[in-house]
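Right, one structure below, let's go through it.
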Amino acid sequence: MLEKNKKIFLKTYGCQMNVYDSDIMLDQLKKKGYEATSSDAEADLIVLNTCHIREKAAEKVYSELGKYRSLKKKNPSLKIGVAGCVAQAEGNEIIKRQPLVDFVVGPQSYHSISTILERLDDEEKVVNIEFATQEKFSKLKVNGGEKIKPSQFLTVQEGCDKFCAFCVVPYTRGVEVSRSVNEILDDAKNLVKYGAVEITLLGQNVNAYCGLDNNLKERDLSYLINKMSEIANLKRIRFVTSHPADMTEDLIQTFGSNPKLMPYLHLPIQSGSDAILKKMNRRHKVSDYMEVISKLRDVRSDIALSGDFIVGFPEETDEDFKKTIEICHLVRYASAFSFKYSPRPGTPAFERKDLPDSTKTERLSALQAVIKDYQQKFQKNLVGEKLPILAEKSGRAEGQIVGKSPYLQPVFFSGSMELIGKIIDVQIIASEANSLSGVVQQN
Ligand code: 5AD
Ligand code: SF4
C-alpha cells in the first residue's frame with residue numbers, strides 16, 4: 001500500500017557505509033510514498049541508523065531514543081526503528097531496554113524495510129537481523145532519474161574476515177562478501193549518467209575485494225578500478241577502507257599507472273608497536289606497513305596518506321605508545337583518525353584489563369597534536385600550487401563553491417555555479433584547519 005504524505009526522519013551515525021545504507025532505506029521508503037523530513041517532530045516514522053564501533057557511539061542511540069518519548073505520546077501512531085550495527089549486535093535487547101522502539105533491522109535486511117512496516121500493522125514489534133547481503137545488493141538500484149551530486153559512494157564489498165581483537169565489525173557486518181564486477185560497473189555507469197564525476201568504492205575491507213566477472217573468474221580491486229576507469233565521463237576513483245595485509249603489488253602499482261585513481265589512501269595501522277599489533281590480531285607488523293608505504297611513494301610520490309589509531313589498548317605501555325608517535329613521524333600523515341580504546345562486548349579484547357581512562361586521554365591528546373601538526377604541514381605544502389579541483393557544491397557564502405582536492409581536502413573558492421560537476425584548475429592561496437582556499441585559474 002502506498003503511504004501518501006507520510007514523513008520519515010532518518011538519522012545516520014558512524015561510517016560512510018551507513019550513509020550509503022541510509023540512502024538505500026530512503027529509496028525503498030520513497031517507493032512506498034514516504035518523504036524525508038529534517039524535523040523529528042513532524043515525522044510519522046523515525047529511523048536511527050546506528051554505529052556500534054565504540055561504546056559512546058552505541059550509548060548515543062539510547063539517549064536519542066529517550067528523547068522521542070514525548071513525540072510518541074503526542075502521536076501514538078509514530079513508528080520508531082533502530083537500524084545499523086547496534087541493531088545487528090543487540091537485536092531484541094534494544095526493545096527490552098527501550099520499549100518505545102517498534103522495530104529493529106540489521107544492515108543486511110534493509111531491502112525488507114517496507115515489509116517490516118507492513119508487518120507492524122498486525123504485529124506489535126518486529127526484529128529482522130538476518131544476514132542476506134546478496135539480496136540487499138540486488139534490491140539496490142541507484143537513482144530514480146534526478147541529477148545527483150558529482151561525488152558519489154558505491155558499495156562493492158561488505159563485511160570483514162580479519163577479526164581484529166577489538167572490533168565488532170566481523171560480528172555486525174558478517175563475513176566478507178563482494179558484489180560482482182558487472183553489477184558494480186552497471187551501478188557506476190548509472191551514477192555517471194546522472195552526474196557523478198568521482199566515485200568512492202566502499203567496503204569495510206575494500207581492498208580484500210574479490211568479485212566474480214562474467215566468466216565467473218575472481219577479480220581483485222585493481223582489476224575493478226581499471227575496468228571502472230574505462231567509463232569515459234568518470235574522472236576520479238577512490239576507495240575506502242583498506243587493510244595493510246591486502247595491499248597487493250597490483251593495487252599499489254595502480255596508483256602509479258591509473259591517473260583516475262586519486263593520490264589518497266586511508267590505510268589504518270592502529271598501533272606503532274609490533275607487540276600491540278600482535279595482541280590486536282592485526283596480521284601485520286610495523287615493517288610490513290612501512291614497506292607498503294614506501295612502495296606507494298615510489299609509484300606516487302605525492303600520495304596523501306591517512307590512517308586510524310587506537311590508543312590505550314589493553315597492556316599498551318608508554319614504550320608501545322611512543323612507537324605509535326614514531327610511526328606518525330615516519331609516515332607524515334596528511335590526516336588521521338584516532339580513538340581511545342573502547343572495550344566492546346563479544347570481542348576477544350573485552351576480557352582483558354582496560355587501562356585507566358586518564359592514560360587513554362593523555363595519549364590521545366599527545367597523538368592528536370602530532371597528527372594535527374603533520375596535517376597542517378601537508379596542507380601548507382599545497383599553498384602556491386595549482387591543483388585540479390572537483391567543484392562539488394555551493395558554499396555558505398554568496399558565490400562560494402566547495403570543491404575537493406586530489407588529496408581529499410575541501411577547497412573553497414569563488415566562481416559561477418555552472419562550474420559544479422567540473423574539474424578546474426585552482427591556485428591554492430591559503431590553508432585553514434581542515435580545508436584550503438584558492439582562486440580559479442583562467443586557462
Ligand atoms: N575502540 C576504539 N576504536 C575502535 N575502532 C574499531 N574498534 C574500536 C574499539 N573497540 C576504530 C579503529 C577502526 C576505526 C573504524 O574505528 O581504528 O579502524
Ligand atoms: Fe574491524 Fe577493520 Fe579489523 Fe576488520 S580489519 S576487524 S573492520 S578493524
Side-chain angles (χ1 to χ4, degrees), residues 16 19-20 147-154 188 191-202 225 228-241 254-267 296-297 299-306 332-337 372 374-443:
Q16 277 307 330
V19 176
Y20 185 86
K147 190 144 174 67
I148 54 175
K149 295 203 177 99
S151 184
Q152 292 287 328
F153 290 97
L154 176 53
L191 289 172
V192 171
K193 184 169 154 196
Y194 292 107
V197 177
E198 171 178 275
I199 292 181
T200 303
L201 305 177
L202 279 186
I225 291 167
M228 282 196 41
S229 67
E230 290 170 12
I231 304 172
N233 289 332
L234 176 63
K235 307 290 183 205
R236 294 184 163 188
I237 302 170
R238 303 175 185 274
F239 59 90
V240 74
T241 267
T254 311
F255 278 98
S257 59
N258 192 326
K260 288 193 179 179
L261 182 59
M262 287 294 97
Y264 169 92
L265 178 67
H266 181 241
L267 193 64
L296 282 164
R297 288 198 159 129
V299 295
R300 191 75 216 233
S301 60
D302 63 336
I303 193 164
L305 292 161
S306 170
R332 308 185 303 280
Y333 288 98
S335 66
F337 304 94
K372 198 168 157 207
Y374 280 106
Q375 180 181 343
Q376 291 315 309
K377 283 190 176 120
F378 188 93
Q379 289 183 191
K380 286 205 172 107
N381 247 333
L382 297 175
V383 175
E385 299 247 338
K386 187 171 81 175
L387 295 180
I389 304 300
L390 171 59
E392 286 189 326
K393 56 184 181 195
S394 55
R396 284 218 186 111
E398 178 85 25
Q400 188 187 46
I401 294 182
V402 191
K404 198 193 287 152
S405 86
Y407 311 107
L408 209 67
Q409 293 84 12
V411 182
F412 292 86
F413 55 94
S414 300
S416 147
M417 294 303 140
E418 276 157 27
L419 293 177
I420 290 172
K422 299 202 168 76
I423 294 172
I424 38 189
D425 283 340
V426 172
Q427 179 90 25
I428 305 301
I429 53 168
S431 162
E432 318 295 338
N434 291 305
S435 63
L436 301 167
S437 55
V439 280
V440 176
Q441 293 297 286
Q442 310 296 348
N443 292 322

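Here the side chains of Asp425 and Pro388 are in contact, with some heavy-atom distance below 4.5 Å. By the 4.5 Å heavy-atom criterion applied to side chains, Leu265 and Arg300 are not counted as neighbours. The closest side-chain heavy-atom distance from Phe153 to Val19 is not below 4.5 Å. With contacts defined as side-chain heavy-atom distances shorter than 4.5 Å, the pair Val197/Asn233 does not qualify. Looking only at side-chain heavy atoms (C-beta outward), Ile225 and Leu201 come within less than 4.5 Å of each other.
Scored by the side-chain contact (heavy atoms from CB on, under 4.5 Å) test, Val411 finds Ile389, Ser405, Phe413, Val426, Ile428, Leu436 as partners (sequence neighbours excluded).
Judged by distance alone, the side chains of Asn434 and Gln379 never bring a donor and an acceptor atom under 3.5 Å apart.
With rounding to the nearest 0.5 Å, the separation of CG in Leu154 from CE in Met228 is 6.0 Å. Expressed to the nearest 0.5 Å, how far OH of Tyr407 lies from OG of Ser335 amounts to 14.0 Å. The line from CZ of Arg332 to CD of Gln375 is 15.5 Å long, rounded to the nearest 0.5 Å. Going from atom OG of Ser151 over to atom CD of Glu392 covers 4.5 Å, rounded to the nearest 0.5 Å. Of the inter-residue distances, the one linking Leu305 atom CG with Tyr374 atom OH reads 13.5 Å to the nearest 0.5 angstrom. With rounding to the nearest 0.5 angstrom, the CD1 atom of Ile237 is 5.0 Å from the OG atom of Ser229.
Although no hydrogens or angles enter the test, the distance criterion places a donor-acceptor pair under 3.5 Å between the side chain of Lys260 and the main chain of Ile231. Judged by distance alone, the side chain of Arg238 and the main-chain N or O of Pro406 form a donor-acceptor pair under 3.5 Å. Here the side chain of Gln427 pairs a donor or acceptor atom with the backbone of Gly384 at under 3.5 angstrom.
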Dump the intermediate steps for side chain to side chain contact (heavy atoms under 4.5 Å, CB included) on Leu408 and His266, then the final yes or no. CA-CA 11 Å; Leu408 209 67; His266 181 241; over 6 Å; no

Pair Gln409, Phe378 - check side chain to side chain contact (heavy atoms under 4.5 Å, CB included), show working. CA-CA 10 Å; Gln409 293 84 12; Phe378 188 93; 3.5 Å; yes

Is there a side chain to side chain contact (heavy atoms under 4.5 Å, CB included) between Ile199 and Val192? Walk through the geometry before answering. CA-CA 9 Å; Ile199 292 181; Val192 171; 4.3 Å; yes

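Just one of Lys404, Gln152, Lys235 meets the side chain to side chain donor-acceptor pair (under 3.5 Å) condition when paired with Glu198; it is Lys404.
Here the closest non-hydrogen pair linking Lys422 and Glu418 is NZ-O, 3.2 Å. When every heavy atom of Ala334 is checked against every heavy atom of Ala304, the shortest pair comes out as CB-CB, 3.8 Å. In terms of heavy-atom proximity, Val402 sits nearest to Pro410 at CG1-CB, 4.3 Å. Contact between Ser394 and Met417 at its shortest, heavy atoms only, is CB-SD, 3.6 Å. The nearest pair of heavy atoms linking Ala391 to Ile401 is CB-CG2, 3.8 Å.
Annotation: Lys377, atom NZ; neighbour count of heavy atoms from other residues, nucleotides and ligands within 6.0 Å is above 12.
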